[in-house]
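Heads up, the thing below is written out as structure tokens.
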Amino acid sequence: MLALRSSPPSFGIPEAERLALESYGLAVSSHALHGERDCNFRVTTADRREFVLKILALGSDAEAGSADCLVRVLDHLAEQDPSLPVPRLFPTLQGEAIGRFTRDGTDYGACLLGFLPGQLVAQSPAGGVLLQQIGHTLARLDRALRGFFHPSLRRRLAWDVRRLPELTEHSRYLPPTLRDTVDAVSEAFHRCLGRLGGLRSQAIHGDCHASNVLVDPSAQSVCGILDFGDMIHAPLIFEPAVAMAELLTGKAAPIESIDAVLRGFAQAQPLESDEVDLLFDIVTARHAVTLLVRAWRSHHDPAGARLLDQAAAHAELSLATMLRAGRSALTDRWHAAAGAGIHATDSRARDAPHLERRHRLMGKGAELFYDQPLHLVRGAGVWLYDPQGRAYLDVYNNVPHVGHAHPTVVAAIQKQTAILATHTRYLHENILDYAEHLTARLPAKLDACIFVNSGSEANDVAWRMARMASGHDGGLVMDYAYHGITEAVAALTPSVRREHDRRVATLAPPPHGLRAGDAMTDVQLAAAAQDLDRAIAELAERGLGPAAFFLDTALTSSGIFDPPSAWARALGARLRAAGCLIVADEVQYGLGRCGSHFWGFERRGLEPDIVTLGKPVGNGYPMGVVIANRALIEAFQARFGFFSTFGGNAVAAAAGLAVLQVLDAEQLMANAAATGAYLREQLESVAARHESLREVRGTGLLQGLEVVDGDGAPSRARARKIINALAAEFRILIGYEGPHAAILKLRPPMPFRREHVDLLVQAIDATASAAADR
Ligand code: PMP
């Protein structure tokens, strides 16, 4: 059974003053101080020297061990870091650290500590700067404690959150709603006990609450860390966690400023990612422990319970605040705060040599985003982090389709790469499983795959296949399309191509303003058909037949269009009649991004002969896929032979499978539909408020917002201002798109939610007027 009672020895002032005289030769006046376990007096000599006289119970081995531990740890700290604001121990007249005596047959010890000046945080609530100082001081304390050990640190303390499972039964003493909350916290904590065991551990103070920290509010400094009676050997992260729990006391330290404790801690003692990941569970567990100890005492030790009334009220309030904020939001914040401690230098100063080095090693032409280039070191979900630990909302990257560093995908890659990473010239199940899962989601005739390493390579293969199958050599693409970087595919990429390629003709974009559900007029359909005829005729003039029509099904670089299926149908029939294959480039839209369909070509109403995939399929593991009818693939293999060293290797396949699994498990396509609809609605409303914003384009989690100048013409300059301001001032990352680079490109990882939309749209709202003003 854990000791839950508050049972300090009971001594009066005359006894304390007698002890001071007999053991220390000090004539003092004194008054009692509060103590959970010890009996403490503040004693003052005639010449106004001040001390704390502590009377410790020594009756049991455990009590004697604790007293010995206290003496040794204060010695150790004085030696390791004499500047730490912790009490100093004064010996007895006989030179002993503890003066032993017996009263009524029980052993006690007295020790004399230097009195530390300052105000208790309990009486003088700390703001952000002080909280950061407290975190910093605790980390220094723990650095000094690294080499310390004492057998009694293994003691079983009720306050050690690892004991929470043993306390859970007392939740029956709590009122029903609070009981449910505490039970849920205990259950969540129980699940991370195993992971706690894997964290670095050492001696820690373990009890930094508002009555154990002294501060000087005028100097904004910490003058004392008190009470080493709850020291334990435990995961290091418990130290800031307990402080964060105990100092998160509603008015005194709102949830926004409590990050400061962690930031300060990490500045003096860098934290590991795993430690920060578990913080939420540890802090909530600490609150649960407070509530449970008090609940037990209220039935068995009413006086002890009263000592915890205030702490329990705070714990209940803080717990509610934390649960409302949510694990992932707080964990994100805390990663940002902890990251800040690790590299706290000025980013511009640090990035200058970085840029110079990059120019030297990669050439000045290596593209960079933003006027002030971003240095990123970590990603999680829809967030990216810079070396200072600042979080950026990612509204641009579609490669991390199911979220940056998704644990399921990371684990799949790690697991497979630790077992075997070979190519498709050996038999392996992974690639077959993956091909089966992919083709199962495609029309029946698209039943076989070729695996490569990028979208460009997939399009390159598709191009060769189409030329072989059609016997033609001409290519058709949308105006301003992007399909990749190989020599052949660059020719099919008018958005980047510097010179016109005679083998390729381009098609005009679909009519502006039309959306997938809209009807098209006969005039519009006839115009699209005529435009295609014109392009085919252009090729014919150059002696070429059309081999392939490549369509990025989101028409991303062309300006982000979402035309009705009648548009693609008008083209499809004519393309077939001309003997042209249709290639659906799903590098942008594939895997559910449009929300309504798993594939973009389904939304377009197009029946492709070949589908190409890239970017999102490996969630960051390089990977491309070409999917077509097996007869076409076999004819291609027979004619050219085909093997890609890395394409379809066992690790890539594991990544691809994990992505599909996460998409289903987290219902991310449904999220793209729901969040996409909300995004559209919010963008339309912000566009209506600003003369610099016009058309909202696209659907799902690929949308565009057109930026115009005072005359209503697309404005690259204003778009750039908005994009740079979003990154620099709001830490929100977007891109630009379209022939005039005047369309804000919004294409986040798929776990993008309503709250992220709100952050984005508020920031666009704030920057859109400024972009017009400047
Ligand atoms: N097709 C489309 C539609 C793309 O957007 C891209 C990349 N932006 C590619 C192909 C080329 O893919 P990768 O960069 O992987 O070669």
Side-chain angles (χ1 to χ4, degrees), residues 366-369 394 396-401 450-466 475-497 504 506-507 509-510 548-563 568 582-594 599-601 603-604 606 608 610-627 644 646-648 652 655-656 659 697-698 700-704 733-739 741 743 745-749:
E367 289 184 15
L368 273 172
F369 280 161
D394 186 357
Y396 180 80
N397 288 293
N398 62 338
V399 171
H401 194 61
I450 283 183
F451 296 96
V452 286
N453 309 288
S454 66
S456 299
E457 281 182 67
N459 283 332
D460 195 278
V461 169
W463 175 234
R464 286 170 72 188
M465 249 181 208
L476 293 168
V477 294
M478 297 307 299
D479 206 7
Y480 226 75
Y482 186 93
H483 293 290
I485 55 168
T486 69
E487 186 174 5
V489 177
L492 296 162
T493 293
S495 62
V496 180
R497 193 180 65 205
V504 179
T506 56
L507 271 61
F549 168 57
F550 278 77
L551 180 70
D552 160 9
T553 50
L555 291 101
T556 318
S557 56
S558 305
I560 309 181
F561 291 95
D562 184 31
I582 295 173
V583 180
D585 179 336
E586 293 284 343
V587 171
Q588 293 284 345
Y589 233 8
L591 273 53
R593 180 162 290 277
C594 70
W599 304 109
F601 68 79
R603 186 171 174 89
R604 292 286 74 86
L606 201 65
I610 304 173
V611 168
T612 57
L613 307 179
K615 288 182 174 231
V617 284
N619 215 56
Y621 193 94
M623 193 172 179
V625 192
V626 185
I627 308 154
S644 161
F646 296 119
V659 169
R697 309 259 183 99
L701 289 180
L702 204 172
Q703 298 194 33
L733 308 183
I734 68 168
Y736 54 79
E737 200 52 276
I743 295 161
K745 177 178 182 182
L746 313 171
R747 188 192 51 182

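Just follow the structure's listing: the first ligand is 1, and inside any ligand the first atom is 1.
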>> Just to verify, what does Ser456 make a side-chain hydrogen bond (donor to acceptor under 3.5 Å, both in side chains) with, not counting sequence neighbours?
In response: none

What donor-acceptor contacts under 3.5 angstrom involve side-chain atoms of residues 610-617, with partners at least two apart or in another chain?
residue: Thr612; atom: OG1; partner: Asn459; partner atom: OD1; Å: 2.8

> Got the residues with a heavy atom under 4.0 Å of ligand 1, by chain and number?
Replying inline: Ser454, Gly455, Ser456, Asn459, Tyr482, His483, Gly484, Asp552, Asp585, Val587, Gln588, Lys615

>> Can you see whether Phe561 has Arg697 sitting over its ring - NZ or CZ less than 6.0 Å from the centre and within 45° of the normal?
In response: yes

> Between Ser644 and Asn453, do the side chains contain an N or O donor and an N or O acceptor separated by less than 3.5 Å?
Replying inline: yes

> Judged by atom type as modelled, is there a donor-acceptor pair below 3.5 Å linking the side chain of Asn398 to the main-chain atoms of His401?
Replying inline: no

> Residues in salt bridge (charged side-chain N to carboxylate O under 4.0 Å, His left out) with Arg747, at least two apart?
Replying inline: none

